[in-house]
Number of protein chains: 2
Amino acid sequence: MSKTTIRDVAKRAGVGVGTVSRVLNNSPAVSETTRGKVQSAIEALNFSPSLAARRLSRGKTMAIGVIVPFFTNPSVVRRLQGIVSVLSVSKYDLVLFDIEKVNQRDSFLRTIPQRKMADGLLLVSLTPTDADVEQFSLANVPTVLVDAYHPALNHVRVDNIAGGYQATKYLIELGHHKIGYISDYLDDPFNSPVRDRFTGYKQALAEAGIEFRAEYHCEDRHGRFQAQQMTHNLLTLPDPPTAIFAYSDTQAIGVIEAAQELGLSVPDDLSVIGFDNIEAAEYLHITTIRQALFESGVQGAELLLSLMQTPTSEPQEILLPTELIARHTTTQYINGTF
Amino acid sequence: MSKTTIRDVAKRAGVGVGTVSRVLNNSPAVSETTRGKVQSAIEALNFSPSLAARRLSRGKTMAIGVIVPFFTNPSVVRRLQGIVSVLSVSKYDLVLFDIEKVNQRDSFLRTIPQRKMADGLLLVSLTPTDADVEQFSLANVPTVLVDAYHPALNHVRVDNIAGGYQATKYLIELGHHKIGYISDYLDDPFNSPVRDRFTGYKQALAEAGIEFRAEYHCEDRHGRFQAQQMTHNLLTLPDPPTAIFAYSDTQAIGVIEAAQELGLSVPDDLSVIGFDNIEAAEYLHITTIRQALFESGVQGAELLLSLMQTPTSEPQEILLPTELIARHTTTQYINGTF
DNA sequence: CTGAAAGCGCTAACAA
DNA sequence: TTGTTAGCGCTTTCAG
């Protein structure tokens, strides 16, 4: 029976409940003798305080809410691992919300803050709307975005425009002119990185004087199979691309599979570059743009923790670097007309 | 301000707090008119009830604790994904505890149940001690083990002895006699699958009349790099194995890397079989023993949910099947003396 | 069907 | 230092 309360302890130790509470909270204002008595009463009764009661009376939940979309996505998982690594040694519990459906997202983003379900919020790969942000500030719960951006909120992210540029530029430097872009839905308001990388892609193209070809850009739901489909279409075009930039490594895997299916060799017939540098990218030797996934989680969690200690008026911004990792899925384009 | 309480609502609606509470909990004992008044007061005030208060007065947390070891382990993540998929559509919050250190484990397993931090507990890949189990039943919180076993607790798992046997048998059928086993620490009391698979390995060997060779078995901390190390040692033995059974796919990847480093071809010079069928195993075409990782999480969570509804006296047991998936890292052993 | 009031177990302010 | 007491915001009898 965990039905023992602070009152039982007080009675047994022959003190008041206040004193027991003080001992529980390591208040210095307790004499060693009293503390001793209380401690042994606690031991004897195998007592431990009720979280619920403590939360109610303190008005704090001692929990941090982590909201992720599509928990099956490897890059999201990796970020979460970073978050977990810092939260698990903190005094906060981590309560995890997975958002798979659009309507879930709305209701969650609205209710979580105002129900005071958590003392702090971490949104991973989820760009909130202005309305959401208003809810957050109304509820006055510190929030940090990981891999997402909003001018009014603390965030840690990478420069996705630069990353997209970097990837495309590399392909161009290898001699490619016909470069496809396989992406997630561009108009998803909750996913700004897709748009940013696309912007970087077009910038690199423009800078090199290569005209953007609409038929070289495909978008669909995120996923390996969808990417495979899209690539199949791209590759069976009358004038197919010689290189493909995939929005994510997961998609790059689909791209490679599609090429193999068509009997094309990667990288000889098709160069492929991904984004994220998930573990699978290493195993499969995929050229990619590395972003510090795990680290982003760590930094986000640490930022949140510090903000919960000492709030700042201005939203904090942490920008992490991206880095090109050249592996075996990209190569020089040898023009057939040599 | 989320400072609006049930009392504000009651006042505005001109009713008592009890009535508001009834509306909040969809009690049928409220007239439609009253309900209407209360509803609009709630809307007007943008009120939502405090979780903490509700938890305290109801004595339930509406949360399920999920305890995982080494959240970086892909198979653990996959199981968790299964758990999340069912919990995220339930009315329970999921609070996640990651246990990386031994002492953390002890304190967690002890305090979580008795502090009533959760209405139910899911232990993933963590075999509790008898003392732990006693705590659980004392605290009277429903618990289910996923990928772990204890006679007194509900659990969902696979038959790891059979799985280990299956893997080894397959290698033997391919003509291999010199079969190494790369594993995690065998004497970790919290990880029974390592021992079980090892048992299956030895059974298959014995059955085929192959003598167990101590030097063909290596153990170290779980991980790709450790596996790589161990394999290096195995492969540079005077009389090296021609096939290796790795305790996990993660380790199988390390095995393959070690082979490649030594200029050995997989599967021509060395057959490798893993266990789990994580995603990377598919990408890398690793022969493996599939166990339904995601599914185990789903089943575990569902079992827990049902147990929380209607407890059973006997511990429930769900046994999931394992299945051999032959891919490209195993092949017939061609004896050099042909 | 509805209101009043008594907790749920703890913390914190106030006295002593 | 320590005990007492008034909440924290909701649920749940118990009357009416």
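Below, chains carry the letters A, B, ... as their sequence lines are ordered, and counting in each starts from 1. Heavy-atom basis, side chains included; hydrogens, waters and symmetry copies ignored.
Both A:Leu24 and B:Gly14 lie close to DNA chain C; mapped to their nearest nucleotides by heavy-atom distance, the more 5′-ward contact belongs to B:Gly14. Take the nearest nucleotide of DNA chain D for B:Leu56 and for B:Thr19: the residue whose nucleotide is more 5' is B:Leu56.
The side chain of A:Val17 approaches C:dT11 more closely than any other nucleotide in the set D:dG9, C:dT11, D:dT2. With C:dC10, D:dT12, D:dG3 as the candidates, the nucleotide lying closest to the side chain of B:Ser21 is D:dT12. Of the candidate nucleotides C:dG9, C:dA12, C:dT2, C:dT2 has the atom nearest to the side chain of B:Ala29. When distances are taken from the side chain of B:Ala53 to each of D:dC10, C:dT2, D:dT12, the shortest belongs to D:dC10. Across D:dC10, D:dT2, C:dA12, the shortest atom-to-atom separation from the side chain of B:Thr5 is found for D:dC10.
Rounded to 10°, the angle separating the first-five-pair axis and the last-five-pair axis of the helix from C:dC1-D:dG16 to C:dA16-D:dT1 equals 40°.
Among residue pairs with one or both ends in residues 83-106 of chain A, those qualifying as ring pair (Phe, Tyr, Trp, His ring centres under 6.0 Å) are A:Phe97-A:Phe108; sequence neighbours excluded.
If you take CG of A:Asn26 and P of C:dA12, they are 13 Å apart, rounded to a whole angstrom. One can place CZ of B:Arg7 at 12 Å from C1' of D:dT11, the figure rounded to the nearest angstrom. Between the C1' atom of C:dG3 and the CZ atom of B:Arg35 lies a distance of 17 Å, rounded to the nearest Å. Per the geometry, CE belonging to B:Met62 stands 21 Å off P belonging to D:dG9, to the nearest Å. As a whole-Å value, the separation of A:Asp8 CG from C:dC8 P is 11 Å. In this structure, B:Lys11 atom NZ and C:dG3 atom P are separated by 15 Å, rounded to whole Å. The separation between B:Arg55 atom CZ and D:dT12 atom C1' is 19 Å, rounded to whole Å. Counting to the nearest Å, the C1' atom of C:dG3 and the CD1 atom of B:Ile6 are 13 Å from each other.
At least one cation-pi condition fails for B:Arg221 and B:Tyr185: the charged atom is not both under 6.0 angstrom from the six-membered ring centre and inside a 45 degree cone around its axis.
A donor atom on one side chain and an acceptor atom on the other are found under 3.5 Å apart for B:Asn25 and B:Arg58.
Under a 3.5 Å cut-off, the side chain of B:Thr61 and the backbone N or O of B:Asp119 do form a donor-acceptor pair. Remark: side-chain polar atoms of B:Ser40 are not paired, donor with acceptor, to backbone N or O of B:Val38 under 3.5 angstrom.
Listed pair B:Ser31 / C:dT2 meets the phosphate criterion, a side-chain N or O lying under 4.0 Å from OP1 or OP2. Within the structure, a side-chain polar atom (N or O) of A:Thr34 is placed less than 4.0 Å from OP1 or OP2 of D:dT2.
Considering all non-hydrogen atoms of both residues, B:Leu153 and B:His155 come closest at O-ND1, 2.8 Å.
Residue A:Val30 is classed as a sugar-phosphate contact, given heavy-atom separations below 4.0 Å to backbone atoms only. Within the nucleic acid shown, A:Gly18 comes within 4.0 Å of at least one base atom, counting heavy atoms only.
Contact of the A:Asn154 side chain with the A:Leu303 side chain is registered, since non-hydrogen atoms from C-beta on lie closer than 4.5 Å.
Every residue was checked against the side-chain hydrogen bond (donor to acceptor under 3.5 Å, both in side chains) condition with B:Asn26, not counting sequence neighbours, and none meets it.
On a pure distance criterion of 3.5 Å, a polar donor-acceptor pair joins the side chain of A:Arg22 and the base of D:dG3.
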